[in-house]
Every structure is written in structure tokens, then in C-alpha cells.
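Values below: all heavy atoms of this structure, side chains included; hydrogens, waters and symmetry mates excluded. Naming convention: chains lettered A, B, ... in sequence-line order (proteins, then strands); numbering from 1 in each chain.
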Amino acid sequence: GAADALFSSPPQFRHSAIPLDFDISSPLTYGTPSSRVEGTPRSGVRGTPVRQRPDLGSVRKARQVDLHSDGLAEDVVATEQSLGQRLVIWGTDVNVASCKEKFQRFLQRFIDPLDKEDEDIGLDLNEPRYMQRLQEINMVGEPFLNVNCDHLRSFDENLYRQLICYPQEVIPTFDMAANEIFFDRYPDSILEHQIQVRPYNALKTRNMRNLNPEDIDQLITISGMVIRSSQLIPEMQEAFFRCQVCAFTTRVEIDRGRIAEPSVCKNCNTTHSMALIHNRSMFSDKQMIKLQESPEDMPAGQTPHTVALFAHNDLVDKVQPGDRVNVTGIYRAVPIRVNPRVSSVNSVYKTHIDVIHYRKTDSKRLHCVDEETEQKRFTEERVEMLKELSKKADIYDRLALALAPSIYEHEDIKKGILLQLFGGSRKDFTHTGRGNFRAEINILLCGDPGTSKSQLLQYVYNLVPRGQYTSGKGSSAVGLTAYVMKDPETRQLVLQTGALVLSDNGICCIDEFDKMNESTRSVLHEVMEQQTLSIAKAGIICQLNARASILAAANPIESQWNPKKTTIENIQLPHTLLSRFDLIFLMLDPRDEAYDRRLARHLVSLYYQSEERLEEEYLDMAVLRDYIAYARGYVNPRLGEEASQALIEAYVDMRKIGSGKGMVSAYPRQLESLIRLAEAHAKVRFSEKVETIDVEEAKRLHREALKQSATDPRTGIVDISILTTGMSATARKRKEELAQALRKLIQSKGKTPSLKYQQLLDDLRAQSETAITKEMFEEALRALADEDFLTVTGKTVRLL
Amino acid sequence: MPCVGDWLNSPLSIVQGIFAQNVPNSDWEKKVTEYFKEKLKENNATNWVPSLNDVPVHYLKPNSLVKFRCMVQDMFDPEFYMGVYETVDPNTNARVLHFGKYRDVAECGPQQEIDLNSSQTVTSERQTFYCVPVPGESAWVKEISFLTEPAYVSTSQARVSPSTSYTPSRHKRSYEEDEDMDLHPSKQKEQHMGKSCCSGSDIHGCVEPKRLETEASAGHHVISPNCSPPLDLNFPLPGEKGPACLVKVYENWESFKVNDVLEVFGVLSVDPVLSIVNSEERDSSTLDPMECMDTAEEQRVHSPPASLVPRIHVILAQKLQHINPLLPACLNEEESKTCEFVSNFMSELSPVRAELLGFLTHALLGDSLAAEYLILHLISTVYARRDVLPLGKFTVNLSGCPRSSAFTEHLYRLIQHLVPASYHLRMSIESMNQSRFIPHKDYTANRLVSGLLQLASNTSLVIDETQLEQGQLDTAGVHNVTALGNLITWQKVDYDFNYHRMEFPCNINVLITSEGRSLLPSDCQVHLQPQIIPPNMEEYMSSLLTAVLPSVLNKFRIYLSLLRLLDYSISDEVTKAVEEDFVEMRKNNPESVTADDLHKMLLVARFLSLSAGQTTLSRERWLRAKQLEALRKARLQQQQSVNGNEL
């Protein structure tokens, strides 16, 4: 075992240590030989079989060294309480007895009423957490105790350090401690095997890139994505031999992947008579997994690193390729075996991680925010800096300016997108049957081609960590949602998620929204209001979360925006979809001299600015990104009293404007939009309370967007019904009038059963003062047909 | 003090010397790099170092100092290795310290064993890059850099003689090489040159081709059973040749990125033991589950036979700004020599430009406007990125190209003679559907499988759309076209990592030739107006090339590479004027001049100024840029009216 120990062993012990046959990870270990033989009161421990822990490296024999007198081998057996403090495990500063005692104290006493984890449902936070866990084990019968290293660290810094540095020695001690307490308390409990302690969330390393030779043989936690997993490998732990002459049996343990076959039978002294009996040998399950760095952790322009994981026993097949996991385990480096025929050795070590604990990060997304990773990302100075920044009076404008600086002006649009990046507060109304309230803000940009809409989308996509960028032209419903794929090798059905699901909690940027086909668009209806995605394909029916904000860009149907037409007419999108956007902006080419001048200056500066100055602005992008991430993770504003009042007033006002003219200019959906925008604005200020100024800005922005997109080009009045019903109130009125006029005209013709289409149109035109287009005429006909007044067949109109 | 030959031929013995002197100290590593840095600074010492780009691997002495000009194609996982280890003689118990740096194999004497438990052992970390020769590197770059390296003389002799020790897969490659000769007449020249120079003195005096040959072939015999089917060397472009290398980097590996072009100096390692160790492992893998953690494919890719993919242990590595051998390697340095070179060249810039314009005008069948734009295109480069917007890209769509006479083919060949790296992409339904454009991660072999669009910065990509017929694109085809579009618009390629995509910024000059307007986006469309239609295009084009003196051709090459590296600025005064101009233009006709047009004009103005060697924009240049744009637009409109619905 010395080969593996070289990394962690302090040199002073190098040759003085006398190896003892005390294998911490062998079946003999947990009770220690003494407890087994003597039959301590802990009958539960004795009664429950021990399960080997290959995750701790079964090949290593731990040796204890007496610091005062080298080589008191036999004493080890009696270490427990009597000799106590003097003995440490060879190569470490771990004393088994005190380590065990400390850990037991930790289990019995650790309370953290503030800590909240998503798996803590049903735990009383004011009682010792891990005692409750043990109780759970007693009830459920799953003999694994997960221990958060962070808790251990806050409880006993030194014990934590020992765990990180000598996991191989310390974890078995923890096992011992946990089992003692457990069987003390629940002596009659029947478990499959003894409890194994699984520490997680070691703070040592988070990023695969930071692993270095110093981490070898230490407990680490890294995050990454599973890219490949092997078949199950049965690994022999203990070989069983039987003498073919005298039937004497013996067991041989695996040492460094090899079995030392006994050449002589100890009983009858026959040579080469021992035969391996396979079905009485012991095997454990093992699986090789490749873990790849998460894309977020990677520096730009480099390819991701990978690391091999070995999962053992019940951790086999716990993760699938594509899963995002946090892995806690022991980092190993094994020299490539010495070749007997060549004297030279490959000087490279093979590295892998023996997995002790998995934690899927994906599943966590079902519960609120990804707190763990979020917390780690910000240092205290950074948080301080961000908070300082948030106190600036003009922070809102500042951030809006920092957003896509290469795109000129369009300030309100940038502000809208900024609020979208922050998002509203998530509210849960499931208990009242309303389900989740959408917190995401959806924005549609429409306008002339070449007004840098795509550029804005690209910028946003690059800014947010979970952004997706698709083009409506190429994307099918499949690419946007999810599809089921059959893995050619395993014949297993795999659900592949599309852009919308991938951008859960992020922003999905959809360019050329107008070019999207009907079926794809229909998917968006569900996503944009319910924030879920239902899939029923190939026998898989499921509902996925798709809490994505949509940032879409649409071009007008005619190549240029026609100012004489309404938004709906220009982009030809169904109003049912349009009404789901909180803000719809027009990006038009303004025809204004001052604007041109500023634009020219801005562009010219782009063409000679030096790299350094650009670099500076790039820094701003990082700050912006952190600022948003922090606000999204930590700030959750609630409506204040005043703000609620202001919102009510705003909504009533909006409805009043319309009602005066016999039309409705606001719907509850608009009120919801206002609330979201106000919340987002409060987030920008890092404020936990939505105040009147937030409502004011929400109102302003909302009005601004409406002014652009919902102005009736015929009357110049802002009319929300353009977006909600697809037609302005005046247009609807005019349509009705025309239909009535047509009806009168037909009635005035007396009792004719049928009329010529063209004739009727000409007559109507002659009668009317305003110009009547063919479309208007047809619309009127359709309206009358709906009233069952007439039917149109080909070129003739029949009265009913 | 060791002599010249020593640090070239057995750099490891130098390292050993420094190591032995400083051993308890860990700063021996620094001293080694300093030593070699000093050595290479001496007069043209870099030229003495044989280059893997020119000399086949088996003619190079193992463990000698070599250099390699390459592109980082993939990055493997970091390796932990024995930085320092101790051997022990079981008989005498004598202990010796060794260094493991710059080596693949921890060596020890016949009577010695490595003590894996020694407290002296130091575990260190290094990074492996999979490097390929710069994709699309022009023949002239190879030729000139070969000629400027007089030390190759002896090895080049060996090169000419037919080799017997090529592995089968290499044989195949060498046929391609022959085919290639027809395309690049210069290649033959290069070999002649090699022959004529071979009488030069043998400076390192230790290259014994014969011995090496046997060694290499011995290695080959051992390896060949393992290497069926032939290993894909993962070159981005089809038909590429030259060695791929596993480059082991010991310092600052974070500073290198995928697709960076590097010049590395390091110790060549082709130890056949490497392959034996691997095969050995594979045999015993059934016994030892520890070894089967990598799939067979991964093994093959990550430890290929050393004779096919040699290892270089890097002592010094530097990123190259350009690969043009006619220019000093590093232009930013304030060395008097480079300054002198630049100022000398700048002084005679205008005749060079005029000549180049003439040359290109002829190449573009007498169209001087198109030639002007082609110059601007060839010196364009992405000089900065403003959030997502790449600045300085200038994709030209040359429409109206004659379809029948393989015009694009010949035009590409001329461009190939001017730029250091280029690729000709013939668009067709089949090629779109079948080629691999986007690099993707192969998780079984754990490597980034290259694609056509994995190109180094400043590579010229000539896309020929004239051959494209109507047809159905399949999914792969759509993806490929989208990738091309993204490359042109954003100068980035989204590499496919199966579970996610990752963005790699690039800087590629794209020239599209088409009949009508291209289906791909472009920054500016120039409609070709041929003045002459030569009856025999091939003859016409090759005569153009032969008419240019080699020295003039070299000037063209310097011109195009150098101007790309210049800085540029616009004075406040001119900014004001441009502003006025823009406002004025908009006043007259807001429809015709948009922000986009201003973008284009500023781009044209930038490259127009630079092409004349001016680093600031003058009023005259601005007007000239406007004029050019107006001419170009007028042509397009004219074309539109001629063809009716064309455009």
C-alpha cells in the first residue's frame, strides 16, 4: 500500500513506521477487532453486517503509529479509550479515539436553525439535525448518513480539516462513530448493512480546472456534467480459494488490483492445489464515469477538462450522461504500473476521483434558486462593491447604459430589457389554485430590418448564463421544446430538451419571431403564460419547467415598417400571442438630424477605438452580469402598501382612459405586467420593498411601449385593444358600420334571392363617402354571414 | 560550457547539468528556460533548430531540440507526472535523483528501480495540447521558412531520397503529396532547392539518417498491429498533411487558447517505449479494472504511436501574430531591427500597392473597382469586439462571377500565392450535406473532432457559390449553412459539445464568389464587371503569375500581412466632417443612407487609409471611400435594373 501513500505521508515517518494489519476499510474495521471479540453492549453493531467501502480505497491498509514509541503494534487493538491520545494513524495527525468522539459530539449537538436546504423537509431545525437524520435512517432503512461539510466546519474547524486532508482515515472513523450512536439508540433496528457516512459540499475545490497535485488523496467537491458512464464492472474484493486435496478454504484480499494466489495449502502442504471458487468470492459493483467541466466554469477559448470518476456499489447508475452533478470524493493519482519487461516507467500518473457523494444540481432547480453555487460566486468584497453600486441614485440609468453599449440609443428598449434581466418576484399561489404566477418579463422588439435587433438579442444571450439563442426561421417546435431520441447503443429513450427548457430560469432569445411556423408558435402560448411545457411523445408524457423570459425580435411582413398600419398588421402575429408580451417595442429608424449626428459620432468612435478602452467596457459587462446574478439570487421585493395603492390607481386610470371612448384600454394582464416591471425595478435598486418610484417607472415604461406599439395609426390614440383583440376599437366600430350599411343596401334592393358580388361592391362604393377596399367589403360580408343574413358562394351572394 | 551541438542535439543533458547543480533547489526549472531563451536569442539561433514542419519525424534525432509551427486543435486534460523521482540500486542501495520534466518516460539504469515511495518525489502538473500544422498554410510559407533555415541542409537531403520507413498510412499521404505537387509547382522547386543546397556543411553533425531510419522502422514494427484502422489525425481541412503533435506545456498553459498559432521549441520525444507501455496496458486490462477507465478509442487518441504523433516537451512557446516568414516574427517589440524593416517597407508602399492593384485587376478580368475592394478585403482583420459586435471584418461578396470557366478556382490559386493561409470551399448540395463544418466533441474518444471551420486567425476562406445547384439540404446541411452565416456575421463558431454548444471567436476573412447575390450574408457586395473574357482562363491566369517577379510577389505578401497589423485612428476634426457628411446625406435622402451604410463607409475608409500606409483618416480618403461606395452601389443598381428581379 505504500505506493499510494506517498502523497500524503510526511517524510519523517517514512521508514520508521511499521505497517500493522489494521485495515480500516476491511470488514473487520468498524467495530474494531476488540469490540468484535469481546462482545460489547452494542449488539446492534455486531448483528449488522459491514459493507466494504471501496470508495475509500479498499487496497489501503491504514497503520497507526505511536508517536512516543515506534512500533507498539499490538496496542492498536486497545487504542479506543485507554491509550487514546498517543496514537495517530500513520502519516496523519488523526487520532482515532478523539476523532470519533468529536464527530459523535457533532452528530449529537449540531443545530443550525438558520440553515435551510431543500432536502430538509420535515426536519425540526431547532433540534440536532443529524440525530433526526439517524432517526430517519431507522425508519426508512437506508443506511447512509449524508453530512454537510460546511456544518462540520462551523462546528469543529480542526475536525473538518482532518476530514478534508485524510478522508480515507477519517471517514471510517466517522462510520464507527455514527454506528455506535445509532445502535445505542435503536438497538433493534435492522439495516441492510452498517451506516456509511457520506460527507458532501467540501469547500476545497469547486472547479475542475483548479485541481492540482496538492489535492491528491484529499476530499474534494467539484461540479460538472456527466458525459459518459461505463457498464457495471464487478470488482473482486475478496477471493475465495479451496484446496482441491483437503478442501481447506482460505480468503485472500485484493491488494492493488491483484490477488496473491496461495501457492501452498496451509493445511495439507500440497503445492498448487488452491483453486479459486468464483461464486464464493466477494465482488463489489463499480462504474467508471467521465465528468466534464460545466460550461460556465470554462475560460473562453479553451476546451473543457474531464476527470474520471469511480462510483461504487449503490452509487452505480445513479447518474446519467447529461446530468449536472456536484461530486464529492477522494482525488487519486495512481502511477501507471511498472512494466516488468522494461525498466522505465511512464512518468505520468492516472488520476480519478472515488465518488463518495453525488448531488444532482439539475434537480435542485425545481426548488427555487440555486443557492449554493450562487453563494460561492461572490466574494465579500464583490458583494460590498455591488451593494455600494446599488446605492447610487442613477443606478438604473447606469446599468441601462452599460447594456449593449455598441448599440446606439434606444434607451427605453434597453431599460425594458434590463428589467427583463432582473425579472419580477416569483409568487406561489398553488394553494389557492392559481398555480405559479409568472415572474418573467417577455419582450418583443419589432421594427425595420437592420436596426440592430439581432445584435441586442446576441448581446443578451451572451450576457446571461442560461441564455439560448434561436432563430424562428430555422427552429421547429422540436428544437424549441424537447424531443425524444432513441440512443442507438442502449436502445433507451432519452428526452432531449430544446432551447426553451434549457433556458429555464434564463432568457430565450428568438430572432425572426415572425418566421416561426404555426405549430412552433402554439408551443409558446403555454410557455409564456404557464411557464411549463407539456410533452406527449413516444409514450413519454411529461410537463417540464420552462420559466424562461422570452426576448423576441420580429420583422415587418413588408420589408419596411408601414407606419400607416398597426403593429398586428405589420408583423402578422396572432394577438393571442402578442398579448403575452409585457412590453412591445418598435425599433424604427428615426429621421432626425440631431440623432443622425450623434449616431455618426458614435459609429466613428467604434472604428478607431483602441483595444484597451474596449477592454474597460468589457469589465463593465462582468460587473453587470454579477449585479444581475446577485439581484436575482438575493433580492426578492414585495409590494409595499403605497406601491399597491399606486398600482391600483394606475390600473384604474388606464381603464378609465378607455371607458370614456367606449373602449377598454387595460386588462388584468396589463396590471400583472405592471407589477412585474415594478418588482424588477425594485430589484435594480436591491430593495426588498416595491415603492412608488418603482411603480412610476413601470408605468412610464409600459406607457412608452404602448405608445409605440399600440397607437392606432388611423386615430393616433393609444389603444390597447390592438394588442388584445388584434383590432383597434375604431376599426371595429367602422367595420360594424359598414356591415350595417351593406345590410341596408341589400334590404333596399327588395326581395332578390341573390346578388352579384361585383355589382354589390360597386353599389356600396357609390353609396359610401369613404373609400371602401375589397378587404373591407369582404369583411362586412363575413360579418353579415355570421349573422346568418346571407351566404357567399363564389361570385354570388345569396340572402337567407 | 557545452557547445552549440549539445543544446541542439541533447538538450536533456543540459537540463541534467543544470538540475544536478541546483538540485535541492526548485529553481532549476527557471534556470533551464532562461538558458534556452539565451541560447535561442543568439544570432539567428532559432534557424538552427530543425522544424517538424519541414523534416519528417523519423529523420529527426529523438530527444533533440526541435521547433514546430502549429495550431492548437484540442486541449487534453492536465497530467500529473513525476517532476523529480529517485532511483535506487537494489544491490548497493545507492540512490540517485532524476528529473521527469521534458520526458515521457521515467528512465532508470538497467540495475536500478524507481522508488515510488521516496520522499524526494515531486509530483508536478503539465498540460497536453493536440497540435496540427496551421490549416491551409500556403505552400510558399512552407517553402520560404524552409529556405531560411540553413541547418536543414543535411536533413533535407534525406528528405529527397525516397523513404522506406513510412508507415502504411503515411504512404497514402505521400501519394496525396504527389497529387498536390501539380497544384503547387513551387513545391517541386522547394525540393530542388533542398537538393542544391545539400552540399552545405553538416552543422550539428550527428544526424545519421540511416541509424535513425532503422530505429524508426523498428518502432514501426512494434506499433503496426495496434494501429489498424488508421488513426484519424484530426486535421481541420481535408487533404492536409504534416505531423500532428502532442505538445506538452509546462508553463503558463492558461494563456493559450484553442486555435492559437504557436511556435514551440522543445524536446522531441518519439520513444517507442511509449507505445509498448500502452499496448501492454491494453493486454492486461482484462485483469486490472483500473486500466479500463479509458475506452480503446480514447487510448488510441490520447496516446497514439509516437512515430505517427510525436511528442514535444516544450521549453519555450510563443503565440505567433502571423505566420508570414517574410516578416519579423514579432512586430510589437521595439527592436531597432523590426522598426527599420517596417519603416523601410512603408517608404516604398505606394508602388507596391499600385502593382498589387494592377495584378489583382488583371486577375479580376480587368475590373479595377473589384480589385480595389479585394485589397481592402485582404488586409481586413477583426481588430476588436464591441460586446458582441466584431469590428473590422469585411466579408466581400463578389457577384457576377463567370460560372463556366473555373474562374473562382484560378482566382483562389492567385490568392493562395498572396496570403499565408487559405481554404477554398466549394459549395454544393453534397458538400454542404456531407462535410463536417463545426467541430464537435467526441465523448467516446474524448476529443474535439475538427471541422472545416476550425481555422486559425486571419485565414482566408474563399467560398465558391457558383457551383451550387438547386437541391435539398438535410439537417446537417442547414446546420452547416447556419454556421457559415454565423461565422460571417459574428465571427464566431459554436462548437458542438453535444449537451451544450460553446462559442469560439474567430477572425477569418471570408470572400464569397457567386453569380447573383450570395445566399450567405456579407458586408459588401461587389458586382464584377469583366472587361476581358480570356478564351483560355487557365492559361491567362497562370501567365499572370509567371509574369510577376518572385521578389515582387514577396512584396505583395509582406504588404498584405504587415498592413493588417497597423493601428488606426480618426481625428476629432475628421470625425466632425464625417458627422456633417452623414447628416447631409440623410437630409437629402434618408431612405438611401442608413446607419448600416455608414458602418460600411467607415470600414472602407479604414482599410483604404491603411492600404495606403496611413494610420489616420484624412478627409481625402473619406471622400474616396464614399466615392468607391457610390460606384459599387451604382453598379448594383444597374445590375438590378438589367436583371429585373435579380438581387
Side-chain angles (χ1 to χ4, degrees), chain A residues 2-3 6-7 11 14 212-213 216 225 227-228 233 235 257 286 288 290 295 299 301-308 322 333-336 339 342-349 351-352 404-406 450 455 458-459 462 474 589 591 593 596-597 599-601 603-604 606-609 611 614 621, chain B residues 74-75 77-82 100 103-108 110 114 116-117 119 121 123-125 254 257-258 273 276-277 280 288-290 293 384 386-389 391 443 446 448 478 482 490 499-500 502 504-505 568-570 575 578-579 582-583 586-587 590 594-596 598-599 602 606:
Chain A
L6 68 126
F7 301 110
R14 194 156 42 92
N212 60 44
I216 291 170
M225 191 170 63
I227 52 166
R228 190 173 79 209
I233 307 159
E235 191 181 40
K286 180 173 168 179
M288 202 283 285
K290 272 269 158 148
Q302 305 213 341
T303 58
H305 286 176
T306 60
V307 68
V334 187
I336 293 176
N339 189 316
V342 187
S343 58
S344 320
V345 199
N346 196 333
S347 63
V348 178
Y349 297 103
T351 53
H352 70 265
S406 68
Q455 208 181 316
Q458 277 281 340
Y459 179 86
N462 279 298
D589 196 4
R591 313 250 151 95
E593 192 182 313
D596 290 348
R597 192 176 297 275
L599 176 68
R601 194 175 313 148
L603 288 183
V604 172
L606 279 183
Y607 281 90
Y608 71 89
Q609 229 168 34
E611 195 83 44
L614 294 174
M621 191 161 163
Chain B
D74 193 5
M75 290 167 163
D77 293 330
E79 284 178 346
F80 292 171
Y81 69 99
M82 291 179 236
R103 284 177 176 169
D104 281 307
V105 175
E107 280 173 28
C108 61
I114 292 174
L116 291 171
N117 301 324
S119 64
T121 307
T123 308
S124 312
E125 193 181 3
E254 303 87 3
K257 290 181 174 156
V258 173
V273 175
I276 295 172
V277 168
E280 204 55 44
D288 192 345
M290 208 62 147
M293 75 188 183
R386 192 63 184 251
D387 41 74
V388 289
L389 192 71
L391 297 173
Y443 283 118
N446 196 13
L448 187 66
V478 172
T482 319
W490 306 110
Y499 303 103
H500 60 97
M502 221 153 57
F504 284 81
Y568 175 74
S569 66
I570 301 176
T575 306
V578 170
E579 241 173 77
F582 182 62
V583 172
R586 295 266 296 177
K587 218 182 255 168
T594 62
D596 223 29
L598 183 59
H599 260 291
L602 285 164
R606 178 189 172 96

Handout entry: Distance, nearest 0.5 Å, that separates CD1 of A:I216 from OG1 of B:T123
Key = 5.0 Å
Fill in the blank from the handout: Counting heavy-atom pairs under 4.5 angstrom with chain A, the leader among B:E79, B:H599, B:E254, B:R103 is B:H599
Practice task
Output the distance between atom OH (B:Y443) and atom OG1 (A:T306), rounded to the nearest 0.5 Å.
Solution key: 9.5 Å
Exercise for the section: Sequence neighbours left out, what passes ring pair (Phe, Tyr, Trp, His ring centres under 6.0 Å) with B:F582? Give chain and number order. Expected result: none
Problem - Student check: side-chain heavy atoms of A:P304 and B:M75 closer than 4.5 Å - result: no
Fill in the blank from the handout: Honestly, the part of B:F504 sitting under 4.5 Å from a heavy atom of chain A is side chain
Problem - Residues forming a side chain to side chain donor-acceptor pair (under 3.5 Å) with B:S124, sequence neighbours excluded - result: none
Exercise for the section: State, to 0.1 Å, how close A:Y349 and B:Y81 come at their nearest heavy-atom pair, and which atoms those are. Expected result: CE1-C, 3.8 Å
Problem - Value rounded to 0.5 Å, distance of CG in B:D77 from NZ in A:K290 - result: 6.0 Å
Exercise for the section: State the OG1-CD distance between A:T351 and B:E125, to the nearest 0.5 angstrom. Expected result: 9.5 Å
Completion exercise
Closest heavy-atom pair, B:F80 versus A:P213, reported as atoms and distance to 0.1 Å, is CZ-N, 3.6 Å
